[in-house]
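Have a look at the structure below before the remarks.
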Amino acid sequence: MPGFELFSHLERKEVNDVLDNGVLMRYGFDGMRKGHWKAKELESELQHAFQSKHVQLVSSGTAAVSVALASAGVGAGDEVIMPTFTFVASFEAIMMLGAIPVLVDIDDTLTLDPKAVESAITPKTKAVMIVQMCGSMGNMDALKAICRSNDLIFVEDACQAIGGTYKNKPLGSIADVGCFSFDFVKTITCGEGGAVVTNNPEYYRHADHYSDHGHDHIGNDRGAETHPFLGYNFRISELNAAVGLAQVRRLSEFIAIQKKNYSIIREELSKLSSVTFRTVPDGGEESYAFLNFFLPNLEDARQVSKAFKENGIDACFHYYDNNWHYIRKWDHLKELKSLFPITQEVKQGLKYLETKTFEQSDQYIARNISCLIKLSWAENEVIERAKKMSEIISFTIVK
């Protein structure tokens, strides 16, 4: 998945432009820049890539989620429905605004189950956030319809799915507001960085201001800018944006490599009766960043995962026993371990985690293995890897 596997002269050229003019901050210092505005250029490239009117770069994918929610008016006491399978950042980003993460079950897409979403809606619900985990998507039409009929904000966290599409629309561009991450292990990387994507001009204006201490960015004198409302610092640097600028121009190249490698492995594993694959909704095409498959039961998945590691098959994850991507192991969040006091409203809102179970999610995550698709593999390596994975699964799972 990571674009850093294929760094080239293109990334070095963009970074050297920034080092040459010496301006590492995305705002101000106009006279020193020699015409280089890497963050602005990257935002323009992303608008085209995501077929969206507005893109606001920020410092990380986590920042993108918080900024997106804040820009749409989500805050203290609001409930945000989110999936049990994601990265802890989704939960953290909601809590940072004083809002309450409401976790619900996933289905065989490994994303939000629309029925579980409907059941979780309360008068406090303000938004539904789908997380397009491991390169694919949920049932976007059903989720969008639920949000519309209940007057809820639809948020799309596509941090792991750049390059995927649903009915020919890029993932991340389908909901009211989308979020991306460009950290070191994403398909395209800035090192650290993220983006808020929307067609809503008000959300965009809010994101632009909020991510830079409330600056209105009007005129050419940064010190004279006004501050229409409170903001914080979620800025990206020009150095990070420079790397991302070269990377986004190579996105189609990266996706093509991922698809080729993914297809070789999937074709081989599809010969096994013990293997089934995640559901991709009709009209959807994965980003091919991961190959996700199900085995018959938890014990089989654990044994295959262990055998993969012992036999040199790296970057295959069994998230049921993972500390960071599934609710089962999030003890520090369930127990609200925080450096600062958490409001009573949020404490009360999260009491459900003390006893809540997610049997449906457990059934999917327990049996799932998610394998990263690397860009740096040679074709013969992928073929060899696919055969080895198939042999390991066949040997490990005794009928």
Would you check if the side chain of [X] reaches a backbone N or O of [Y] as a donor-acceptor pair within less than 3.5 Å?
X    : Y    : answer
E285 : T165 : no
S149 : I146 : yes
T187 : P2   : no
D78  : A99  : no
R205 : N200 : no

What are the two closest heavy atoms between [X] and [Y], and how far apart are they?
X    : Y    : value
S52  : S173 : OG-CB, 3.4 Å
A386 : I264 : CB-O, 4.1 Å
V80  : V74  : CG2-CG1, 3.7 Å
S136 : E286 : OG-CG, 3.5 Å
T84  : W330 : O-CH2, 4.2 Å
K374 : D314 : NZ-OD2, 2.7 Å

All N/O donor-acceptor pairs, side-chain side in residues 224-234, below 3.5 Å, sequence neighbours left out:
from: E225; atom 1: OE1; to: H215; atom 2: ND1; distance (Å): 2.6
from: T226; atom 1: OG1; to: D216; atom 2: OD2; distance (Å): 2.4
from: N233; atom 1: OD1; to: R235; atom 2: N; distance (Å): 3.0

Query raised in the report: Stepwise, does the side chain to side chain contact (heavy atoms under 4.5 Å, CB included) test hold for F293 with L272?
Result: CA-CA 11 Å; F293 59 91; L272 302 177; over 6 Å; no
**Report entry** Residue pairs involving residues 311-378 (criterion disulfide bond (SG atoms under 2.5 Å apart); sequence neighbours excluded)
**Finding:**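 As it turns out, the disulfide bond (SG atoms under 2.5 Å apart) pairs with a partner in residues 311-378, which skip direct neighbours, are C316-C371.
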Got a sec, which pairs hit ring-ring contact (aromatic ring centres under 6.0 Å, His included) with one end in [range], sequence neighbours left out?
range            : answer
residues 55-89   : F85-Y319, F87-H325
residues 121-153 : none
residues 180-205 : F4-F184, F50-F180, H54-Y204

Run the salt-bridge test on [X] and [Y] with the 4.0 Å N-O cut-off and return the result as yes or no.
X    : Y    : answer
D362 : R328 : no
R385 : E268 : no
K388 : E384 : no
E156 : K144 : no
K167 : D141 : yes

Report yes if the side chains of [X] and [Y] come closer than 4.5 Å at any heavy-atom pair, otherwise no.
X    : Y    : answer
K356 : I327 : no
L57  : R26  : yes
V197 : L46  : no
V15  : V243 : yes
S370 : N292 : yes
E14  : R249 : yes

Query - Counterpart residues, side-chain contact (heavy atoms from CB on, under 4.5 Å), relative to T122 (two or more places apart) - result: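 Here the qualifying residues are E79, K124, T125.
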If you draw a 6.0 Å radius around [atom1] in [X], do more than 12 non-hydrogen atoms from other residues or ligands fall strictly inside?
X    : atom1 : value
R222 : CZ    : yes
N380 : CG    : yes
E310 : CD    : yes

Query raised in the report: Picking from N21, D20, D17, what satisfies side-chain hydrogen bond (donor to acceptor under 3.5 Å, both in side chains) with K34?
Result: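 Single side-chain hydrogen bond (donor to acceptor under 3.5 Å, both in side chains) partner of K34 among N21, D20, D17: D20.
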Report task. Not counting sequence neighbours, list each pair that qualifies as a side chain to side chain donor-acceptor pair (under 3.5 Å) and has a residue in residues 331-345. Result ->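 Matches after skipping sequence neighbours: E335-K337.
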Query raised in the report: Any side chain to side chain donor-acceptor pair (under 3.5 Å) pairs touching residues 98-111, not counting sequence neighbours?
Result: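 For residues 98-111: D105-S361, D107-T109, D108-T279, T109-T111.
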Report task. Please work out whether the ring planes of Y262 and Y288 are parallel, tilted or perpendicular, with thresholds of 30° and 60°. Result ->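 The arrangement is perpendicular - the two ring planes meet at more than 60°.
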Query raised in the report: So, E299 and Q303: side-chain donor and acceptor under 3.5 Å apart, yes or no?
Result: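 Short answer, yes.
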Query raised in the report: If you measure only the distance, is there a donor-acceptor pair under 3.5 Å linking the side chains of N368 and Y320?
Result: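 There is no such pair between these side chains.
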Report task. Start with the C-alpha distance between I188 and R250, add both sets of side-chain angles, then the distance that settles side chain to side chain contact (heavy atoms under 4.5 Å, CB included), and finish with yes or no. Result -> CA-CA 8 Å; I188 62 172; R250 305 177 68 192; over 6 Å; no
Query - ILVMFWY clustering at 4.5 Å (side-chain atoms), partners of M32 - result: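 V23, M25, Y27, F29, which link up through side-chain heavy atoms under 4.5 Å apart, make up the rest of the cluster.
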Query raised in the report: Using a side-chain heavy atom cutoff under 4.5 Å and only I, L, V, M, F, W and Y, what cluster partners does W37 have?
Result: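 Besides W37, the cluster holds no residue at all.
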**Report entry** Residue list, ring-ring contact (aromatic ring centres under 6.0 Å, His included) with F358, at least two apart or on another chain
**Finding:**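 Not a single residue meets the ring-ring contact (aromatic ring centres under 6.0 Å, His included) criterion with F358.
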Report task. Go through the steps to decide whether Q56 and Y210 satisfy the test side-chain hydrogen bond (donor to acceptor under 3.5 Å, both in side chains), and finish with yes or no. Result -> CA-CA 10 Å; Q56 177 64 41; Y210 184 75; over 6 Å; no
Report task. Let me see the working for M129 and T86 under side chain to side chain contact (heavy atoms under 4.5 Å, CB included), right down to the final yes or no. Result -> CA-CA 11 Å; M129 183 169 72; T86 177; over 6 Å; no
Query raised in the report: At what distance, to the nearest 0.5 angstrom, does CE of M82 lie from CG of D157?
Result: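 Rounded to the nearest 0.5 Å, the CE-CG separation comes to 9.0 Å.
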Query raised in the report: Can you list the residues that meet the side-chain hydrogen bond (donor to acceptor under 3.5 Å, both in side chains) rule with K126, with sequence neighbours excluded?
Result: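 Checked K126 against side-chain hydrogen bond (donor to acceptor under 3.5 Å, both in side chains); zero matches.
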